[in-house]
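Numbers restart at 1 for each chain; the letters A, B, ... are given by sequence-line order, proteins then strands. Every value quoted in this text rests on a predicted model; they were computed, and no experiment measured them.
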2 protein chains.
Amino acid sequence: MKLTISKNELNDAIQQVAKAASSRPAIPILGGIKIDVNHQFVTLTASDTDISIQSYITVEQEDTIIAQVEKPGSVVLPAKFFVEIVKKLPSEQVVIEVGPSFQTIIRSGSTEIQMVGLDPEEFPILPSIEQDNLLQIPGDLVKSMIRQTILAASTSEQTPILTGVLWNLHDGQLKFTATDRHRLASRTTKVDADETLQFSNVVISAKTLGELSRLIPDQNTLVDIVVADNQVLFKMDNILFYTRILDGTYPDTSKIIPQVFETELVLDTKNVMDAIDRAYLMSREEKTNIVRLATQEDGMIEISSSSTELGRVTEQLEAKSMSGQPLRIAFNSKYMLDVLKVIDSEQLFIGFTGAMRPIIIKPMDHDYSMYVILPYRTTN
Amino acid sequence: MKLTISKNELNDAIQQVAKAASSRPAIPILGGIKIDVNHQFVTLTASDTDISIQSYITVEQEDTIIAQVEKPGSVVLPAKFFVEIVKKLPSEQVVIEVGPSFQTIIRSGSTEIQMVGLDPEEFPILPSIEQDNLLQIPGDLVKSMIRQTILAASTSEQTPILTGVLWNLHDGQLKFTATDRHRLASRTTKVDADETLQFSNVVISAKTLGELSRLIPDQNTLVDIVVADNQVLFKMDNILFYTRILDGTYPDTSKIIPQVFETELVLDTKNVMDAIDRAYLMSREEKTNIVRLATQEDGMIEISSSSTELGRVTEQLEAKSMSGQPLRIAFNSKYMLDVLKVIDSEQLFIGFTGAMRPIIIKPMDHDYSMYVILPYRTTN
């Protein structure tokens, strides 16, 4: 293998795939980036077997030669060093040449780097996925749906299935659900897909979705999504992103979501977020994050927290509307803030079914997202 | 004590002093910020006994009322929570009122905070320093001198005196020296001071100088420096910064600095920094950071590093001038990079007195700074 390639194009592709290279590889090959060169494409691939990312560089782009391929071939190079050295190379052009035993020489300006390359035959093979039934969703919508749900996923490996986000597709409605048993987030959207296309119990690691989100371009692009038996493939521009579907059955969460409320509030999102943020600062000192909310007779609500050592924060907040029973309730302020930060609506609805029943939070502007937080049992 | 004060002015002053409050106080009072209020000034003070920072807010500034003082007084408030809550208060005005037993109430908009205040009588008393003999130095010069020397100070508490920077003043020359026994940095400047003013063995913690540096305004301001028996006071605008002088005698470093050289090089600072940075990336994988430099017959130098697992980086670099004996030497590339990053000169001089003798590095543009790095003993 021998080619001369633009440093910037090479660097962009490396940065895109590098996240999939294992930082503590069980075997060295999993900590590598595979480079495949033919006369049309330079393809970079990294895989830790849970996720795999592939990025293509087209050799000739609109009459511009991005890479001059002298000899096609493949090699695997250790990711960590390769990622860092390429961006620091002195010239705009980089020559990569693979010799016997995958010994690789990288030249740029007056810099010469010899790298111990690995055999590409040993690199994991990407899953082969039938691409018949694909779902097309705008990139920024995928990003919002991820951001608005992953906050509620569990971070504990004790319940692996809950570290994922559940995807369901029925009747042209795609729904994401995440819960760690203390809180729940769900987000739906209508999708343009073949009516026969539907799936359930597709659970994808929340951490992986976070990584995917960073790779989706900010401009208006479409993401093609293919759900296969145990893999999901995301295609965007020149990137393929494969992730494993988590094993196990996601619990039924429909029963914990209350449908009728004893107390209903409409609040200004920014005001309630700022007030809870201040109360959170005090509650954090007690490690519990307990913040209390109480309705008052004058259409105001009081938000408060206290710490035996530090003191007490008390906030008065006007409700945009209030109906039902008077209420005193305590909850984890960090969980509430996580929700308030992703609510894309100027006003929000909070419904309560009593001090010990789940709290429901919804944006006022639309019905696409819904959050549940379990309250704390407190003595007063 | 009771006053109404501008949130922004209060927040600025809190941010300035907060660094001196102990984050893990041995006694609660050392983790506090003291507020003293009279009809001229609101003064904030924090002290962990090693350093103390005081910031003044003038109550009336150019016909603008910054603070309305209803009742003078003092209180100490826990720094961590106070620092975070003030910047998040909802209104531009903050009311602070101290009641019996130093119970403090902070009001802003519809927020009310009760804080457990502490007795200001228990707060450390700031050192009283005779301010006769002061040194005036432009703020940006103090900042450069700190930045160009603290890199060589030791971070090991096993030799406490070497965690400091040595200050000497003789014949109107102020000199900073730092060394961790593997490398040395020195920086001198002429100062306008009374000729009788001189001192030696004034050693100030490098970490403290780093904190001081962040407090010095970027605009052209003068810093007043008063060196007393066991304290140094820095005065800038509305801030007083006190630091303890480290106990002990700083070692004599004059003997390790070579005066004659067997090999002399002049190099382009940016080129050699970039080349060593690339070699460093490889050397770091071996944990040793060893990079080699070898002169060549054609006026070029070769910089290289290798890792048994990864490979080898080789850099060719043209010397702007080269004289003396051919040379092969090995050194810690991280130490060299630390120096190259603070050399404020397009070209630099490197002098060698043999493979096992100290390497000296100096800017070509001026004689005010000088760096020494001890080479590595290597087998080839």
Side-chain angles (χ1 to χ4, degrees), chain A residues 28 31-32 77-91 102-118 270-271 273-286 300-318, chain B residues 28 31-32 77-91 102-118 270-271 273-286 300-318:
Chain A
L77 297 177
K80 184 166 164 265
F81 177 73
F82 188 51
V83 165
E84 288 178 326
I85 197 73
V86 168
K87 64 182 159 204
K88 291 190 169 174
L89 289 175
S91 157
F102 305 103
Q103 274 292 332
T104 304
I105 294 179
I106 300 171
R107 285 191 198 87
S108 178
S110 52
T111 299
E112 182 180 294
I113 296 151
Q114 294 166 36
M115 282 184 82
V116 179
L118 300 170
K270 174 142 187 9
N271 287 353
M273 181 163 70
D274 290 348
I276 292 181
D277 194 20
R278 288 185 288 267
Y280 160 70
L281 282 183
M282 179 71 82
S283 72
R284 194 177 56 176
E285 298 296 318
E286 292 288 281
M300 300 288 283
I301 64 165
E302 184 182 280
I303 288 167
S304 64
S305 64
S306 58
S307 146
T308 39
E309 280 184 20
L310 272 180
R312 182 180 163 87
V313 171
T314 314
E315 300 278 341
Q316 303 291 331
L317 199 69
E318 192 188 350
Chain B
L77 297 177
K80 184 166 165 263
F81 177 74
F82 189 50
V83 164
E84 289 179 322
I85 196 73
V86 168
K87 63 182 161 204
K88 292 190 167 174
L89 289 175
S91 156
F102 305 103
Q103 274 292 334
T104 303
I105 294 179
I106 300 172
R107 285 191 198 86
S108 177
S110 52
T111 300
E112 182 180 294
I113 297 152
Q114 294 166 37
M115 282 184 81
V116 178
L118 301 169
K270 174 142 187 6
N271 287 353
M273 181 162 73
D274 289 348
I276 292 180
D277 195 19
R278 289 185 288 266
Y280 160 71
L281 282 183
M282 179 70 81
S283 72
R284 193 177 55 175
E285 297 297 318
E286 291 288 280
M300 300 289 281
I301 63 166
E302 185 182 279
I303 289 166
S304 63
S305 64
S306 58
S307 147
T308 40
E309 280 184 21
L310 272 180
R312 182 181 164 86
V313 170
T314 314
E315 299 278 341
Q316 303 292 330
L317 199 69
E318 192 187 351

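The greatest number of non-hydrogen atom pairs below 4.5 Å with chain B, out of A/R278, A/E84, A/E285, is found for A/R278. The candidate with the highest count of non-hydrogen atom pairs below 4.5 Å against chain B, out of A/I85, A/I106, A/I105, is A/I85. Of the listed residues A/T104, A/L310, A/I113, A/I303, the one with more heavy-atom pairs under 4.5 angstrom with chain B than any other is A/L310. The greatest number of non-hydrogen atom pairs below 4.5 Å with chain B, out of A/E309, A/M282, A/Q103, is found for A/M282. Top candidate by heavy-atom pairs under 4.5 Å with chain A, chosen from B/A279, B/S306, B/S110, B/G311, is B/S110.
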What verdict does the side-chain hydrogen bond (donor to acceptor under 3.5 Å, both in side chains) test give for A/T314 and B/E112, after you've listed the backbone C-alpha separation in whole Å, the side-chain angles of each residue and the deciding distance to 0.1 Å?
CA-CA 5 Å; A/T314 314; B/E112 182 180 294; 5.2 Å; no
Verdict with reasoning, A/E315 to B/K88, per salt bridge (Lys or Arg N to Asp or Glu O under 4.0 Å)
CA-CA 13 Å; A/E315 300 278 341; B/K88 292 190 167 174; over 6 Å; no
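Between B/S91 and B/G109, the closest heavy-atom pair is CB-N, 3.5 Å.
For the pair A/R284 and A/L281, the minimum side-chain heavy-atom distance is below 4.5 Å.
Interatomic distance, B/Q316 CD to B/S304 OG, rounded to the nearest 0.5 Å: 9.5 Å.
With a 4.5 Å cut-off on non-hydrogen atoms, A/D274 does not touch chain B at all. For A/P28, no part sits under 4.5 Å from any heavy atom of chain B, backbone or side chain.
No more than 12 heavy-atom neighbours from other residues, nucleotides or ligands sit within 6.0 angstrom of CD on A/E318.
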